[in-house]
2 protein chains.
Amino acid sequence: MQTVAFLGMGVMGSAMAANLAQGGYRVYVWNRTPQRAAIKRATERGAIWCDSIAAAVHKAEVVFICVGEGADVEQVLFPHVVDHLSAGSVVVDCSTIGVPAAQKIGAELASYDLDFCDAPVSGGDIGAQRGTLTFMVGGKPETYERILPLLQMMGKNIFYCGAVGAGQAVKLCNQVLVSHYMMGICEAMTLAQKLHIPPALVVEVCGSGAAASWALSNLGMKVATGDFAPGFMIKHMLKDLHLVAEAKGDLHLPGTDLVTTLFEHVYHLAEGAEQGTQALVRFYGK
Amino acid sequence: MQTVAFLGMGVMGSAMAANLAQGGYRVYVWNRTPQRAAIKRATERGAIWCDSIAAAVHKAEVVFICVGEGADVEQVLFPHVVDHLSAGSVVVDCSTIGVPAAQKIGAELASYDLDFCDAPVSGGDIGAQRGTLTFMVGGKPETYERILPLLQMMGKNIFYCGAVGAGQAVKLCNQVLVSHYMMGICEAMTLAQKLHIPPALVVEVCGSGAAASWALSNLGMKVATGDFAPGFMIKHMLKDLHLVAEAKGDLHLPGTDLVTTLFEHVYHLAEGAEQGTQALVRFYGK
């Protein structure tokens, strides 16, 4: 039985670890805060709780990390993971941390004879629970082949994107797309309201043709009715858009710049940071 | 056999008239310029050419118009159509002319005892040829019921949107959506190129999740490879976005304002006006 460590028992990580444990792997799990409810959901399904990173990783051939930002990933890895992991093992980071951060971590791990893949995900908490996540993977092809059976326990759409950092790059392109879609949906719904068109009609009619999108079908009515419960939180979208700003360098991307300022506006409204991205419509006075 | 007139034998109108003729209607057709190749495609499939608007409409119970802008529609209707059409007949305008223009025409026709529906379409030349257009219809419900069998000969998705002008309103919301999607695709592809990610990977990976859209699947590779052959021309998108600017009044829609200025930029580049909307990527230096 292959032994795996999973560091970071948030909503995403705990569900992913549970799917690995149920898939027959021995999964040692750790979290900075030991009292989280999510941990129990993983251990109930077979994951094994460890009090320290050292205990979690010292027998692991593959270490998954799902902890949020690049600085958090580095704090977990250096020195805790690298001091206790056997040479030739693989570290897989599922956080969205940007291209340079992934490349830096990959290079540092290589100096310890450790392999690295960046593997950011999309599909949210529901995708994590159902094992239907999308993984965007950067790393050496042979490392990808090695971790692929594990990813298949947690995801449905798994894509090899290129060298370390390429998974991050594709994820950032994805976030540019979805943020523009959301801006378009918010503006179309705002216009529809002004013109006395029921929002359900916009979703139905426009969703049947050239304006069809996953976002319109799944978030269009939430925009129109003010249902701002988070699928993906505005604070996380803003973190990703700031990574885009870092990645684009001197490229002029005025749509991305604009939608970033609109999300920043809503982030600073009451409760805005933790609302779903569809709360962007609050910029328009909803 | 019901008798119909179709005014405007462009790429769209000729294909729509041909589908009506093949569906068993007697279809009289007219065009300002009599020498267009498209006319022959309609008459070969059973439509009957007329030298004047008067000859085309005088026996018609329903008159379709597909001529471009609001001013063109008015020039065709007044006095040519209204002088020769029997009271109780219906005029159906398939052009995208905006909400106030449709409402003005509807009110003027009512003073002649003529019914009116605005019925802008989406689906392009291919949809017109295959009879798979989307119709967004505004007018009285009983008028809609009367023309529905005719629309079903030309379209697959036919939506009743409300009173006269409501079809225009939904069409404008649709154009707000698709223009934002296009801006997002152009910026994502520009970022992908900078990050050395193959465009086909962006289409495949992002198209499998929350960034999935008809536009990404159908136009993403054209954006990336510089294939600017028109499905829907930039000059037509700009015409529609200017109608949005008219309709929105004092609403602040910064994304729509931005994408309008970007399309205007490309409109003024060599050949930009007649390229497909995916040529928006030329703003980004493609």
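Heavy-atom basis, side chains included; hydrogens, waters and symmetry copies ignored. Order of the sequence lines sets the chain letters (A, B, ...), proteins ahead of strands, with each chain counted from 1.
- Residue contact with chain B, scored on non-hydrogen atoms closer than 4.5 Å, involves the side chain of A:Phe159 exclusively.
- Contacts with chain B were tallied for A:Lys156, A:His180, A:Lys171; A:His180 has the most, counting heavy-atom pairs under 4.5 Å.
- Contact count versus chain B (heavy atoms, under 4.5 Å) is highest, among A:Thr134, A:Asn218, A:Val170, A:Val99, for A:Val170.
- Note: B:Cys173 leads B:Ala166, B:Cys173, B:Gly231, B:Ala192 in heavy-atom pairs under 4.5 Å with chain A.
- Looking at B:Met136, the atoms closer than 4.5 Å to chain A (heavy atoms on both sides) all sit in the side chain, from C-beta outward.
- For B:Phe135, no part sits under 4.5 Å from any heavy atom of chain A, backbone or side chain.
- Looking only at atom types and distance, the side chain of A:Ser95 has a donor-acceptor partner in the side chain of A:Asp93 under 3.5 Å away.
- Atom NE2 in A:His265 sits 10.5 Å away from atom CD1 in A:Ile234 (nearest 0.5 Å).
- Residue A:Leu219: no heavy atom, backbone or side chain, is found under 4.5 Å from chain B.
- Between chain A and the residues B:Ser179, B:Pro254, B:Ser208, the most heavy-atom pairs under 4.5 angstrom are made by B:Pro254.
- When each of B:Asn174, B:Val178, B:Leu172 is checked for heavy-atom pairs under 4.5 Å with chain A, B:Asn174 comes out on top.
- When heavy atoms are compared at a cutoff of 4.5 Å, B:Leu253 approaches chain A by way of both its backbone and its side chain.
- Donor-acceptor pairing under 3.5 Å is recorded for the side chains of A:Glu264 and A:His242.
- Taking A:Ala215, A:Gly123, A:Cys161 one by one and counting their heavy-atom pairs under 4.5 Å with chain B, the maximum is reached by A:Cys161.
- Counting heavy-atom pairs under 4.5 Å between each of A:Leu251, A:Val244, A:Leu216 and chain B puts A:Leu251 at the top.
- For B:Asn157, the part lying under 4.5 angstrom from a heavy atom of chain A is the side chain only.
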(message) Working note: B:Arg282 + B:Phe228, criterion side chain to side chain contact (heavy atoms under 4.5 Å, CB included); need CA distance, chi angles, decisive distance, verdict.
(response) CA-CA 10 Å; B:Arg282 293 176 73 192; B:Phe228 300 148; 3.6 Å; yes

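- If you measure heavy-atom distances from B:Gln168 to chain A, you find no contacts under 4.5 Å at all.
- Proximity to chain B involves both the backbone and the side chain of A:Leu191, based on heavy atoms less than 4.5 angstrom apart.
- At distances below 3.5 Å, not a single donor-acceptor pair connects side-chain atoms of A:Tyr144 with backbone N or O atoms of A:Arg146.
- Going from atom CD of B:Gln175 over to atom CE of B:Met237 covers 4.5 Å, rounded to the nearest 0.5 Å.
- For a residue to count as touching a neighbouring chain, one of its non-hydrogen atoms must lie under 4.5 Å from one of that chain's; by this rule B:Ile197 touches chain A with the side chain only.
- Ring-plane geometry between A:His252 and B:Phe283 is classed as tilted, the angle between the planes lying from 30 to 60 degrees on a 0 to 90 degree scale.
- At least one donor-acceptor pair closer than 3.5 Å links the side chain of A:Lys239 to the backbone N or O of A:Thr96.
- Here the OG1-OH distance, from B:Thr260 to B:Tyr267, works out to 14.0 Å after rounding to the nearest 0.5 Å.
- Here B:Ala210 is the residue among B:Gly249, B:Ser122, B:Ala210 with the most heavy-atom pairs under 4.5 Å with chain A.
- Taken from CG in B:Asp257 to OG1 in B:Thr261, the straight-line distance is 8.0 Å, to the nearest 0.5 Å.
- Atom CD1 of B:Ile126 is separated from atom CG of B:Leu133 by 11.0 Å, given to the nearest 0.5 angstrom.
- Ranking A:Thr132, A:Leu201, A:Val205 against chain B, the residue ahead of the rest is A:Val205, based on heavy-atom pairs under 4.5 Å.
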